[in-house]
Amino acid sequence: MGEVFKARDTRLDRTVAIKVSKKEFGERFEREARAVAALNHPNICTLHDVGPNYLVFEYIEGEPLKGPLPLDRALDYAAQICDALDAAHSKGITHRDLK
């Protein structure tokens, strides 16, 4: 959908992640962004702002996973992902690009 950049929110003095799209988002996307912004879950990054072709998210420090993972660790991560998806589904939000 776009590229993600680590950036600095100078107004609030915090590091954020900005996802930029090559084209402007439509009205449907803005409705979905409002729904996601209403989510409050420890395994879902917070959406801070929406612009005509960008999203500003909470920045999560970390590294990409390198596999294969031990089974117990993979199951722990899977349980966290399922918990986050359940929270989203309970608010009528379906994730369409889970990786």
Side-chain angles (χ1 to χ4, degrees):
M1 184 172 139
E3 293 184 86
V4 179
F5 301 93
K6 181 178 178 182
R8 188 84 190 147
D9 178 343
T10 56
R11 289 181 306 173
L12 299 175
D13 192 31
R14 63 181 172 189
T15 302
V16 295
I18 300 179
K19 188 172 192 176
V20 180
S21 174
K22 290 182 174 76
K23 59 181 182 177
E24 283 196 16
F25 301 135
E27 184 179 316
R28 179 176 164 235
F29 184 84
E30 283 195 34
R31 281 194 312 271
E32 289 181 22
R34 281 190 208 98
V36 171
L39 293 174
N40 184 15
H41 190 276
N43 297 326
I44 299 174
C45 63
T46 303
L47 178 63
H48 293 309
D49 196 10
V50 178
N53 70 329
Y54 66 87
L55 301 171
V56 181
F57 287 99
E58 164 189 19
Y59 178 77
I60 307 292
E61 191 72 46
E63 299 176 12
L65 291 175
K66 295 183 178 114
L69 298 174
L71 181 59
D72 60 332
R73 193 166 166 205
L75 290 174
D76 180 50
Y77 290 151
Q80 291 177 51
I81 292 166
C82 288
D83 192 42
L85 287 171
D86 182 56
H89 291 173
S90 71
K91 295 227 177 192
I93 299 168
T94 302
H95 196 298
R96 294 184 174 98
D97 191 25
L98 190 63
K99 295 177 183 68

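Residue numbers run from 1 in the order of the sequence given.
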**Item:** Heavy atoms from other residues, nucleotides or ligands near CG of Asn40 exceed 12 (cutoff 6.0 Å)
**Value:** no
**Item:** Residue pair Ala87 / Leu39: nearest heavy atoms and the distance that separates them
**Value:** O-CD2, 4.0 Å
**Request:** Could you tell me whether a side-chain N or O of Arg14 sits under 3.5 Å from a main-chain N or O of Arg8, the two making a donor and an acceptor?
**Result:** no
**Request:** Verify the cluster assignment for Leu69 and Leu75: are they in a single hydrophobic cluster under the rule of side-chain heavy atoms below 4.5 Å apart?
**Result:** no
**Prompt:** At their closest point, which heavy atom of Ile60 faces which heavy atom of Cys45, and how far apart are they?
**Reply:** CG1-CB, 4.3 Å
**Request:** Nearest 0.5 Å please: distance from the NE2 atom of His95 over to the NE2 atom of His89.
**Result:** 9.0 Å
**Item:** Residue pair Ala38 / Lys91: nearest heavy atoms and the distance that separates them
**Value:** O-NZ, 3.8 Å
**Message:** Under the side-chain contact (heavy atoms from CB on, under 4.5 Å) test against Ile18, which residue among Tyr54, Tyr59, Phe57 passes?
**Reply:** Tyr54
**Request:** Could you walk me through whether Leu65 and Arg73 pass side-chain contact (heavy atoms from CB on, under 4.5 Å), step by step?
**Result:** CA-CA 11 Å; Leu65 291 175; Arg73 193 166 166 205; 4.3 Å; yes
**Asked** Got Asp9 and Val56 here, is their nearest side-chain heavy-atom distance under 4.5 Å?
**Response** no
**Interatomic distance, Asp49 atom CG to Leu12 atom CG [nearest 0.5 angstrom]** = 10.0 Å
**Atom pair CG (Asp86) and CG (Asn43), whose distance is rounded to the nearest 0.5 Å** = 11.5 Å
**Prompt:** Within the distance-only criterion (no hydrogens, no angle test), does the side chain of Asn53 pair as donor or acceptor with the backbone N or O of Lys23 below 3.5 angstrom?
**Reply:** no
**Request:** Could you tell me which non-hydrogen atom of Glu61 sits nearest to which non-hydrogen atom of Lys6, and how far apart they are?
**Result:** OE1-NZ, 4.4 Å
**Asked** Does any non-hydrogen side-chain atom of Arg34 lie less than 4.5 Å from one of Val50?
**Response** no
